[in-house]
Amino acid sequence: MNKNIIKLSFLLIFIVFTNNIYAQESFIKDISYPYLEKLIATAKKNYPEVKLRQSQVNAAKSNYNATKFAWLDGLTASYIYSPQNSINLSTPTIFKGYQLAVSLNIGQLLKNPATTNAAKETYKVAEYQQSEYLLSLEAQVKRFYFAYLEAQAELRLRSNAVLDAEGAVKQLKYAFQKGETTFQIYNEQLNSLYNQNSFKVQAELATFTAKTNLEELLGTKLEEIK
């Protein structure tokens, strides 16, 4: 084996070593917690399910408030008129003229506390369900945000690997044309470039998918959130 082949072998080893270094790259440094809080706030504001839960809470609250005064339904008021100059022996009255008569439905009055308590519990359940969903939504936004950053890091990794592979192919092509390396080594690097391009396409798809998943929760484009 001549010196040129040895040099090319070291070049290939260097490329593999460089790719391993890229593989150790972490996306943690890309995390912005203030920006993440903005994403969570945007999702809570825009996502339709949040609005639905709030409407359920509002409806339960309105029903609960209405039951507090439901006992008034048991009251019946009416006017009675007794002429000033008349005597009714069958139903004698003390007062003459217009009188207000009020009757109370005892059954309705006794039933009202139970109805009010049931409405109150329904209201509390709606609030608990809303709180539970908001926590779930917040966790989902975080997961999708981290997945998006991970996909971006993977895409950077694959893009750098493609650049390295392209550089190696150019050098090996030149060396092969000069007869300084074998076709097998050159062909292997071509296959490596093909594989790296394939990995890059997969990383691009993963990045766009992660972005779409996150934007679905946000109800808007990431570019619009500063």
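Positions are given from 1, in the same order as the sequence printed here.
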Inset, instruction - Following the transitive rule for hydrophobic clusters with a side-chain heavy-atom cut-off under 4.5 Å over Ile, Leu, Val, Met, Phe, Trp and Tyr, establish whether Val162 and Tyr186 coincide in one cluster. - result: yes

Inset, instruction - Identify the two heavy atoms, one from Ser32 and one from Tyr145, that lie closest to each other, and give their separation to 0.1 Å. - result: N-OH, 3.1 Å

Legend entry - salt bridge (charged side-chain N to carboxylate O under 4.0 Å, His left out) partners of Glu224, counting only residues at least two apart: none

Inset, instruction - Quick one: list whatever passes ring-ring contact (aromatic ring centres under 6.0 Å, His included) with Phe183, sequence neighbours left out. - result: Phe176

Inset, instruction - Please check if the side chain of Thr116 supplies one atom and the backbone of Thr67 the other of a donor-acceptor pair under 3.5 Å. - result: yes

Legend entry - Residues Tyr64, Thr122; criterion side chain to side chain contact (heavy atoms under 4.5 Å, CB included); working and verdict: CA-CA 8 Å; Tyr64 169 53; Thr122 300; over 6 Å; no

Legend entry - Backbone N/O of Arg156 and side chain of Asn160: donor-acceptor pair under 3.5 Å: yes

Inset, instruction - Identify the two heavy atoms, one from Ala151 and one from Ala210, that lie closest to each other, and give their separation to 0.1 Å. - result: CB-CB, 4.4 Å

Inset, instruction - Starting from the C-alpha separation in whole Å, work towards a yes-or-no answer on side chain to side chain contact (heavy atoms under 4.5 Å, CB included) for Asp30 and Gln152. - result: CA-CA 10 Å; Asp30 299 325; Gln152 285 185 315; 5.9 Å; no

Legend entry - Approximate separation, where rounding is to 0.5 Å, of Arg158 CZ and Glu204 CD: 12.0 Å

Inset, instruction - Write down the atom of Phe144, the atom of Leu214, and the distance for their closest heavy-atom approach. - result: CB-CD1, 3.9 Å

Under 3.5 Å donor-acceptor pairs involving side-chain atoms of residues 33-41, not counting sequence neighbours:
from  : atom 1 : to     : atom 2 : distance (Å)
Tyr35 : OH     : Leu222 : O      : 3.4
Lys38 : NZ     : Lys226 : O      : 2.6

Inset, instruction - Look at atom CD of Gln184 and say whether more than 12 heavy atoms of other residues, nucleotides or ligands are closer to it than 6.0 Å. - result: no

Inset, instruction - Can you run down the side-chain hydrogen bond (donor to acceptor under 3.5 Å, both in side chains) pairs that involve residues 42-52, sequence neighbours left out, and say none if there aren't any? - result: Glu49-Arg53

Inset, instruction - With rounding to the nearest 0.5 Å, note down the distance linking CD in Gln202 to CG in Asn197. - result: 11.5 Å

Inset, instruction - Applying side chain to side chain contact (heavy atoms under 4.5 Å, CB included), run through Ile31 and Leu149 and close with a yes or a no. - result: CA-CA 8 Å; Ile31 297 176; Leu149 293 183; 3.6 Å; yes

Legend entry - Same apolar cluster: Ile225 and Phe146, side chain cutoff 4.5 Å: yes

Legend entry - Distance in Å, Thr209 OG1 paired with Asn213 CG, rounded so as to fall on 0.5 Å steps: 6.5 Å

For residues 124-139, which side-chain N or O atoms pair as donor and acceptor with protein atoms under 3.5 Å away, sequence neighbours left out?
from   : atom 1 : to     : atom 2 : distance (Å)
Glu127 : OE2    : Tyr123 : OH     : 3.2
Gln130 : NE2    : Gln54  : OE1    : 2.5
Ser131 : OG     : Glu127 : O      : 3.1

Legend entry - Test salt bridge (charged side-chain N to carboxylate O under 4.0 Å, His left out) applied to Glu215 - qualifying residues, sequence neighbours left out: Lys211, Lys221

Inset, instruction - Give the minimum heavy-atom separation between Ala203 and Leu155, together with the two atoms involved. - result: CB-CA, 3.8 Å

Legend entry - Smallest separation among heavy atoms of Gln189 and Leu172, with atom names: CB-CD1, 3.3 Å

Inset, instruction - Kindly compute the distance separating CD (Glu180) from CD1 (Ile185), expressed to the nearest 0.5 Å. - result: 12.0 Å

Inset, instruction - Examine Leu157 and Leu205 and state if one hydrophobic cluster contains both, with Ile, Leu, Val, Met, Phe, Trp and Tyr joined whenever side-chain heavy atoms are less than 4.5 Å apart. - result: no

Inset, instruction - Locate the shortest heavy-atom distance separating Leu193 from Glu166; write the atom from each residue and the value. - result: CD1-CG, 3.5 Å

Legend entry - Donor-acceptor under 3.5 Å (Ser192 side chain, Glu188 main chain): no

Legend entry - Verdict with reasoning, Asn195 to Phe199, per side chain to side chain contact (heavy atoms under 4.5 Å, CB included): CA-CA 6 Å; Asn195 291 333; Phe199 293 147; 4.2 Å; yes

Inset, instruction - Kindly compute the distance separating CG (Leu52) from CD (Gln56), expressed to the nearest 0.5 Å. - result: 4.5 Å

